[in-house]
Amino acid sequence: MELRITALVVICMLSYYVDCGNAQSVCSSESRESEDGLAACLQSIRDTMVNESAFWFGTDYPVNCPVPEYTIECVNLDPTPVSMADRLFFKGTFDVLTIEHYMDVTIHEKPGTYEGCGHIYTSDIEEDHSLDPIDPDPLTPWQTSHGFSASVQGLADTSAHYTLVIQDVGFIFLHGVYINIPGDSFDIANGEAIDAYHGPLYYRNDPQNPYIFMLFRQNQTNMELTQYWTDYFNDPSGSGFFNISDFAADQNLQGPVAINWLMSITDPYISEKQPFVNICPLFVEEAEREVDLYHVPNDIPFTVSVNIDYFSVGMNFSTCCNDYSYENATYSLDPIGDGNVTPFDNKDQPISITLLKMKLTPLPIDFRGELYTLLMIDPDISNNPGTGTKEKPLAHWLVTNIPNGRVDQGDIVLSYRGSMPPSGETHRYQFLLYEQENLLDIDPYDYTPDCQNQGIPDRCLFEVQRFVSENQLQFLGATWYNATSDAYVAYTKVEQGEPKEEVCALIPGYENPCPTSKGTSQHFTRIVMEIVVFVLLVFVIVT
């Protein structure tokens, strides 16, 4: 039997570190059905607990982050490479043989809606995720936010009571403590929630981060917390960094007797639950890769959020044989949703542009000593090669020398110009943010030598790549919106003197000349009839 278990463990370890395709995990429910299979699963869990290369904080860390620094990729509270056991417990004190049982943990994902990074996310998924520590499917903060259930296979002492501790292994944060769980039924609901479960709020997709479920056997049926731990859990600032070794020793706990863990990646739900964290550039970058903005470099990560709000003053106007009425409107750009904004709603310069650096703590990260450039372009105007192409777009706005992250305090090189897509077309308008090395003195005419539209000689065929290169600009972030030609575009173009026939051709209800309204026709007919009746009456009276 020992030889069979050893062979299974070897297979298990290979399946953990090597891609074995569709190989069945040694800790799958099917593998654990036999006594040998369960033993192999438990041994694999023990081995992984003490393996110093199994997780991101192990031996790979100094390779990936040779000079530890406070970046989103390299944040590590203890950069010394360690195993999961040594990260949780005092180094060298963890006894793997205390793990005697397998704990089934199921994460319950529920449907719902949340707002993150300026976008509304809706999920219709209701699914149970059974954790497999050896072949884990990574889960997001949203998926893990709705609760869990747990059971233990083959508890030896059903008369005992147990304590369950849930902890973020990478950052040592506590995510739940339940005490006095009866072993005979092992129902978490029958225990006492000292710190109710709250799911992972991890901020990276790579590497993944482990969150561990640890079950300890109590020496008391109805365990009470020591005064120190009572005060700890009653402290609003507590339930953060948690020393499981001290807790287990003070409460006289044995084990852990069973362990499982999940691997977490991130999603925008974290921005709703921890508003002081800003990882939204990650998700805007993912959205950009889907739409593939032409002037955004593929090899430079997004590090700054560009949040733009519009306020449009309402107005009434008539054009193309129609009357239109627009009310006041506000709109925040939603690049993740590839959002749409009507040309009327973006006709005025944005009322607010907020720049936010990527950050992971409540501490502010300012822009002191830094200068920025914001460029707005329309690369979709390629149907008019004399005005713009994808490579040399039409420039709609250019602000340089932006100090302290305040766009309103920068130098306006080109004033804001709203969207004016041709009739029947939808254009994607881009805002590109760059960091400058020095103060800039820009003449926009230097970057439009091929412009053939004399009405906008400093905007058309703007050479973006040369502008970025010559001024040594470093890309930081972007946002964008889509706009489809509407009645306001037609109104503006007609007012500017463009041929009405061409401008209004695709506007519903347009005819040349404009038809007389039904109300006016009926009114005119009624007047004519009244005149005829009056004339007849006069004729009768006279005769």
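The structure displayed is predicted, hence computed values, not measured ones. Position 1 is the first residue of the sequence, and the numbers go up from there.
- Aromatic rings of Tyr429 and Trp480 (six-membered ring for Trp) have centroids beyond the 6.0 Å cut-off, not under it.
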Exercise for the section: Begin with the C-alpha distance, continue with both residues' side-chain angles, and end with the deciding distance and a verdict on side-chain contact (heavy atoms from CB on, under 4.5 Å) for Phe302 and Leu282. Expected result: CA-CA 7 Å; Phe302 286 48; Leu282 296 178; over 6 Å; no

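- For the atom pair His129 NE2 and Gln143 CD, the distance stands at 4.5 Å (nearest 0.5 Å).
- A donor-acceptor pair is defined here as one N or O able to donate and one able to accept, closer than 3.5 Å; no such pair exists between the side chain of Asn404 and the backbone of Arg406.
- At a threshold of 4.5 Å between non-hydrogen side-chain atoms, the residues Phe148 and Ile107 count as touching.
- Aromatic rings from Phe173 and His175 are positioned such that their centres are separated by 6.0 Å or more.
- Phe171 pairs in a ring pair (Phe, Tyr, Trp, His ring centres under 6.0 Å) with only one of the listed residues (Trp56, Tyr211, Phe242), which is Trp56.
- The two residues Leu371 and Pro403 come nearest to each other via the heavy atoms CD2-CA, 4.2 Å.
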Exercise for the section: Please step through side-chain hydrogen bond (donor to acceptor under 3.5 Å, both in side chains) for the pair Thr80 and Asp78, ending with a clear verdict. Expected result: CA-CA 6 Å; Thr80 304; Asp78 181 6; 3.3 Å; yes

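- A donor-acceptor pair shorter than 3.5 Å cannot be found between the side chains of Ser264 and Asn209.
- Inter-residue side-chain proximity for Thr266 and Ile270 is flagged as met; some heavy-atom pair is nearer than 4.5 Å.
- Salt-bridge check for Arg87 with Glu52: failed, with every basic side-chain N at 4.0 Å or more from each acidic carboxylate O.
- Between the side chains of Thr342 and Asp345, a donor-acceptor pair is found at a separation under 3.5 Å.
- Met103 and Met214 get closest at one heavy-atom pair: CE-N, 4.2 Å.
- Residues Ser31 and Gln24 bring a donor and an acceptor atom of their side chains to less than 3.5 Å of each other.
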Problem - Worked verdict on Ile179 versus Gln218 for side-chain contact (heavy atoms from CB on, under 4.5 Å) - result: CA-CA 9 Å; Ile179 67 173; Gln218 300 174 186; 3.8 Å; yes

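- Side-chain atoms of Ile259 and Pro256, non-hydrogen and from C-beta on, do get closer than 4.5 Å to each other.
- No salt bridge links Asp366 with Lys357; every basic N to acidic carboxylate O contact stays at or beyond 4.0 Å.
- Pairs passing the disulfide (SG to SG under 2.5 Å) check and including a residue from residues 121-196, sequence neighbours excluded, do not occur.
- Under a 3.5 Å cut-off, the side chain of Arg32 and the backbone N or O of Cys27 do form a donor-acceptor pair.
- For the atom pair OG (Ser123) and CG (Asp267), the distance works out to 10.0 Å, reported to the nearest 0.5 Å.
- In this structure, CG on Leu215 lies 10.5 Å from CD1 on Ile166, to the nearest 0.5 angstrom.
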Practice task
Kindly determine whether Arg428 and Asp292 satisfy salt bridge (Lys or Arg N to Asp or Glu O under 4.0 Å), including the steps that lead there.
Solution key: CA-CA 11 Å; Arg428 182 176 286 116; Asp292 192 20; over 6 Å; no

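- Between Tyr481 and Tyr331, the distance from one ring center to the other does not fall under 6.0 angstrom.
- Using modelled atom types, one finds a donor on one side chain and an acceptor on the other under 3.5 Å when comparing Ser305 with Asn278.
- To the nearest 0.5 Å, atoms NE2 (His146) and NZ (Lys110) are separated by 8.5 Å.
- A salt bridge does not link Asp95 to Arg46: none of the charged side-chain nitrogens sits closer than 4.0 Å to a carboxylate oxygen.
- When atom types are taken as modelled, the side chain of Gln251 and the backbone of Glu224 share a donor-acceptor pair closer than 3.5 angstrom.
- Of all the heavy atoms in Pro138 and Ile265, the pair that sits closest is CB-CG2, 3.8 Å.
- Using a 4.5 Å cut-off on side-chain heavy atoms (C-beta onward), Pro141 and Tyr269 make contact.
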Exercise for the section: Please step through side-chain contact (heavy atoms from CB on, under 4.5 Å) for the pair Asn307 and Ile353, ending with a clear verdict. Expected result: CA-CA 6 Å; Asn307 299 326; Ile353 300 181; over 6 Å; no

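- Nearest heavy atoms, Pro136 versus Met263: CG-CG, 3.5 Å.
- Atom CD1 of Ile99 and atom CG of Asn260 lie 10.5 Å apart (nearest 0.5 Å).
- The two residues Asn219 and Asn252 come nearest to each other via the heavy atoms ND2-ND2, 2.8 Å.
- Screening residues 103-213 for disulfide (SG to SG under 2.5 Å) gives Cys117-Cys280 as the qualifying pairs, with residues at least two apart or on separate chains.
- Between Tyr178 and Ala193, the closest heavy-atom pair is CE2-CB, 3.6 Å.
- The closest side-chain heavy-atom distance from Val341 to Asn482 is not below 4.5 Å.
- When only modelled atom types and interatomic distance are considered, Gln430 and His295 share no side-chain donor-acceptor pair under 3.5 Å.
- With no hydrogens or angles considered, no side-chain donor-acceptor pair links Thr106 and Asp128 at under 3.5 Å.
- Here the OG atom belonging to Ser352 is positioned 13.5 Å from the CZ atom belonging to Phe311, to the nearest 0.5 angstrom.
- Counting only heavy atoms from C-beta outward, the side chains of Ile279 and Tyr202 never approach each other to under 4.5 Å.
- In this structure a side-chain-to-backbone donor-acceptor pair under 3.5 Å is present from Thr48 to Ser44.
- Tyr121 and His119 have perpendicular rings, their planes meeting at more than 60° on a 0 to 90° scale where under 30° would count as parallel.
- Contact check for Val177 versus Leu164: no side-chain heavy atoms found under the 4.5 Å cut-off.
- Within the 4.5 Å cutoff, side-chain heavy atoms of Phe431 are placed close to those of Ile308.
- For Ser185 and Asp187, the side-chain atoms include no donor-acceptor pair closer than 3.5 Å.
- Taking 4.0 Å as the cut-off between side-chain N and carboxylate O, Lys91 and Asp86 count as a salt-bridged pair.
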Practice task
Under the side-chain contact (heavy atoms from CB on, under 4.5 Å) rule, what do Phe213 and Gln167 come out as? Steps first, then yes or no, please.
Solution key: CA-CA 7 Å; Phe213 295 73; Gln167 194 164 4; over 6 Å; no

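- Residue pairs meeting the disulfide (SG to SG under 2.5 Å) criterion with at least one member in residues 122-196: none, sequence neighbours excluded.
- Applying the 6.0 Å contact sphere to CD of Glu370 captures more than 12 heavy atoms from other residues, nucleotides or ligands.
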